[in-house]
Amino acid sequence: MASAQSGTLYRGREGMWSWVAHRISGMLIFLFLLVHVLDTALVRVSPEAYNEVIGHYKTVVFGLGEVGLVGAILFHALNGLRLILVDFWSQGPQRQRSMFWGVVIVWVVLMAGFLPRHLMHMFGA
Amino acid sequence: MSTTSIPDPSTRYRRTAQRGINSEMLSWLFMRASGMLLVILVFGHLFVNLWLGEGVKGIDFAFVGGKWASPFWQVWDLLMLWLGLLHGGNGVRTIINDYARGDRLRMILKGLLYFAVIVTIILGTLVIFTFDPCPVGAEPSLLPSFCEG
Ligand code: HEM
Ligand code: HEM
């Protein structure tokens with residue numbers, strides 16, 4: 001029997017923190033998407049206007065922001081798949097904790113692949 | 001009620017209300033179905049735009065012109081636009097329901113949310129369908145190479 005002390009799927013430990021991170025990352029991505037459709041819409045204004053604004057994406061400050069965005073997307077997507085397994089796979093609820101650490105490991109691997117290449121693009125190596 | 005006991009989440013439980021198909025159940029299902037599609041759509045988008053070629057440095061008007069010359073990427077972006085905004089919008093609706101106290105505040109926040117989602121979906125859809133890769137009178141060096149012919 002689960003108790004408030006040992007935690008349940010949603011109170012304390014991995015289950016709760018992954019939920020907090022899922023919520024914050026989802027909110028961030030949504031806000032980004034609203035702005036992103038606006039910046040893409042500049043292709044209807046003029047090539048100059050689009051290139052000017054999209055040029056900001058290539059600066060160091062934005063480049064680091066993109067690392068954060070990709071990190072948030074990767075976590076939200078991987079953890080989203082974990083949630084789907086928790087709901088639909090008969091073993092899901094029992095395995096939610098190990099699946100959480102699976103998410104963390106895959107996330108680290110994908111970020112380790114993305115980061116060097118993105119930095120090389122940014123600093124033009 | 002002196003002690004609170006939380007049922008074991010891994011045991012089966014019986015629903016007492018809200019059986020069958022209802023809007024919150026459909027919304028729950030939609031979050032999972034759209035999520036699985038978005039994994040492919042968004043990962044593909046990031047792979048092509050951030051990983052391949054020069055990554056973010058390679059993005060400009062001509063790059064977008066080249067992509068949207070193909071119906072494949074038009075449909076891709078259209079699906080990503082609709083699913084992303086409906087999934088994200090529906091998610092933010094849940095967040096508002098959880099935290100906004102009082103009916104008035106909740107109504108205002110949801111009104112703003114629905115307005116933003118609808119305007120953004122319409123704008124993004126129009127942009128994809130009315131995009132002109134070779135606008136007349138534009139500086140030729142900024143346009144995709146196929147514009148010359
Ligand atoms: C920093 C990362 C990103 C970059 C550099 C980027 C770049 C671009 C570019 C160049 C376009 C123009 C068309 C195309 O290339 O297909 C575009 C369109 C689009 N992007 Fe992204 N993107 C990024 C992240 C994202 C994310 C995370 C999402 C989804 C949540 C997203 C959703 C979209 C959508 C829906 C469109 C179509 C917009 C429209 O209909 O007007 N993008 N993006
Ligand atoms: C990339 C693939 C994605 C997957 C697999 C995914 C999966 C999920 C799932 C399964 C849920 C439901 C959680 C629940 O019912 O408790 C969810 C919630 C949510 N998603 Fe996504 N999602 C993805 C992309 C996105 C994108 C692009 C956005 C933003 C535009 C977004 C924003 C949200 C928000 C705001 C929530 C609500 C969080 C909450 O209620 O705590 N997601 N996601």
Side-chain angles (χ1 to χ4, degrees), chain A residues 1-4 7-11 15 22-23 26-27 29-38 40-44 46-51 54-55 57-58 62-63 66 69-70 73-74 76-78 80-81 83-84 86-88 91-94 96 110 113-114 117-118 120-122 124, chain B residues 3-11 28 31-33 35-36 38-39 42-43 46 50-51 53-65 68 77 80-81 84-85 87-89 91-92 94-95 98 113 116-117 119-121 123-124 126-128 130-133 135 138-139 141-143:
Chain A
M1 186 71 192
S3 72
T8 69
L9 204 54
Y10 295 112
R11 276 201 204 181
H22 195 82
R23 181 158 271 196
M27 191 72 216
I29 302 160
F30 179 75
L31 294 178
F32 165 79
L33 187 55
L34 292 182
V35 177
H36 184 47
V37 175
L38 286 182
T40 304
L42 289 172
V43 294
R44 294 292 292 113
S46 74
E48 286 83 357
Y50 182 76
N51 289 352
I54 225 65
Y57 277 80
K58 306 172 188 179
F62 271 63
E66 285 144 26
L69 177 71
V70 170
I73 273 274
L74 287 178
H76 188 93
L78 295 169
L81 294 175
L83 289 176
I84 294 171
V86 166
D87 288 341
F88 288 102
Q91 302 284 306
Q94 281 96 330
Q96 62 89 10
L110 290 176
F114 168 71
R117 185 160 172 103
H118 186 61
M120 267 161 61
H121 287 319
M122 266 166 60
Chain B
T3 55
T4 341
S5 73
I6 301 161
D8 186 339
S10 56
T11 52
W28 173 89
M31 289 310 272
R32 277 135 190 89
M36 290 198 288
L38 281 166
V39 174
V42 177
F43 281 25
L46 294 176
L50 283 183
W51 179 277
E54 301 171 74
V56 71
K57 282 258 163 81
I59 297 177
D60 55 15
F61 185 86
F63 174 89
V64 181
W68 281 349
D77 283 354
M80 187 165 60
L81 174 78
L85 280 163
H87 174 107
V92 174
T94 306
I95 298 179
D98 279 356
L113 173 71
V117 167
V119 168
T120 311
I121 287 188
L123 176 68
L126 286 176
V127 166
I128 295 178
T130 65
F131 177 65
D132 177 3
E139 166 61 33
S141 66
L142 300 179
L143 304 182

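Just so it is clear, the values below take in all heavy atoms, side chains as well, and ignore hydrogens, waters and symmetry mates. A, B, ... follow the sequence lines: proteins, then strands. Residue 1 opens every chain.
In this structure, K58(A) and K57(B) approach most closely via the heavy-atom pair NZ-O, 3.4 Å. Considering all non-hydrogen atoms of both residues, V39(B) and A77(A) come closest at CG2-CB, 4.3 Å.
Of the listed residues (H118(A), R23(A), E48(A), Q94(A)), the greatest number of heavy-atom pairs within a distance under 4.5 Å of chain B belongs to R23(A). By number of non-hydrogen pairs under 4.5 angstrom with chain A, the leading residue of F63(B), W28(B), F43(B), W68(B) is W28(B). The residue among I73(A), V43(A), I54(A) with the most heavy atom pairs within less than 4.5 Å of chain B is V43(A). Chosen from G65(B), G35(B), G53(B), the residue pairing most often with chain A at heavy-atom distances under 4.5 Å is G53(B).
A distance of 9.5 Å separates CZ in F30(A) from CD1 in I95(B), rounded to the nearest 0.5 Å. How far CG of D87(A) is from CE of M31(B): 12.0 Å, rounded to the nearest 0.5 Å. Put simply, CE on M36(B) and CD1 on I84(A) are 5.0 Å apart, with the number rounded to the nearest 0.5 Å. Note that CG of L50(B) is 11.0 Å distant from CE of M122(A), once rounded to the nearest 0.5 Å.
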(message) Using the rule given for side-chain contact (heavy atoms from CB on, under 4.5 Å), can you reason through W51(B) versus V70(A), listing the C-alpha separation, both sets of side-chain angles and the distance that settles it, and then say yes or no?
(response) CA-CA 12 Å; W51(B) 179 277; V70(A) 170; over 6 Å; no
Evaluate side-chain contact (heavy atoms from CB on, under 4.5 Å) for Y50(A) paired with V64(B), printing each intermediate quantity in order.
CA-CA 10 Å; Y50(A) 182 76; V64(B) 181; 3.4 Å; yes
Would L34(A) and L85(B) count as a side-chain contact (heavy atoms from CB on, under 4.5 Å) if you check the C-alpha gap in whole Å, the side-chain angles of each, and the deciding distance to 0.1 Å? CA-CA 8 Å; L34(A) 292 182; L85(B) 280 163; 3.8 Å; yes
*asked:* Determine whether L46(B) and F114(A) satisfy the following criterion, side-chain contact (heavy atoms from CB on, under 4.5 Å), listing intermediate values before the conclusion.
replied: CA-CA 10 Å; L46(B) 294 176; F114(A) 168 71; over 6 Å; no
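Only the side chain of L143(B) comes within contact range of chain A, with at least one heavy atom under 4.5 Å from a heavy atom of that chain. Of the atoms belonging to D77(B), not a single heavy atom falls under 4.5 Å from chain A.
Here the options are L33(A), L38(A), V35(A), V37(A), the test is side chain to side chain contact (heavy atoms under 4.5 Å, CB included), and the partner is T120(B); only V37(A) passes.
Looking at V56(B) and F62(A), their side chains never come closer than 4.5 Å, going by heavy atoms from C-beta outward. Side chains of S46(A) and P135(B) form no contact here, defined as non-hydrogen atoms less than 4.5 Å apart.
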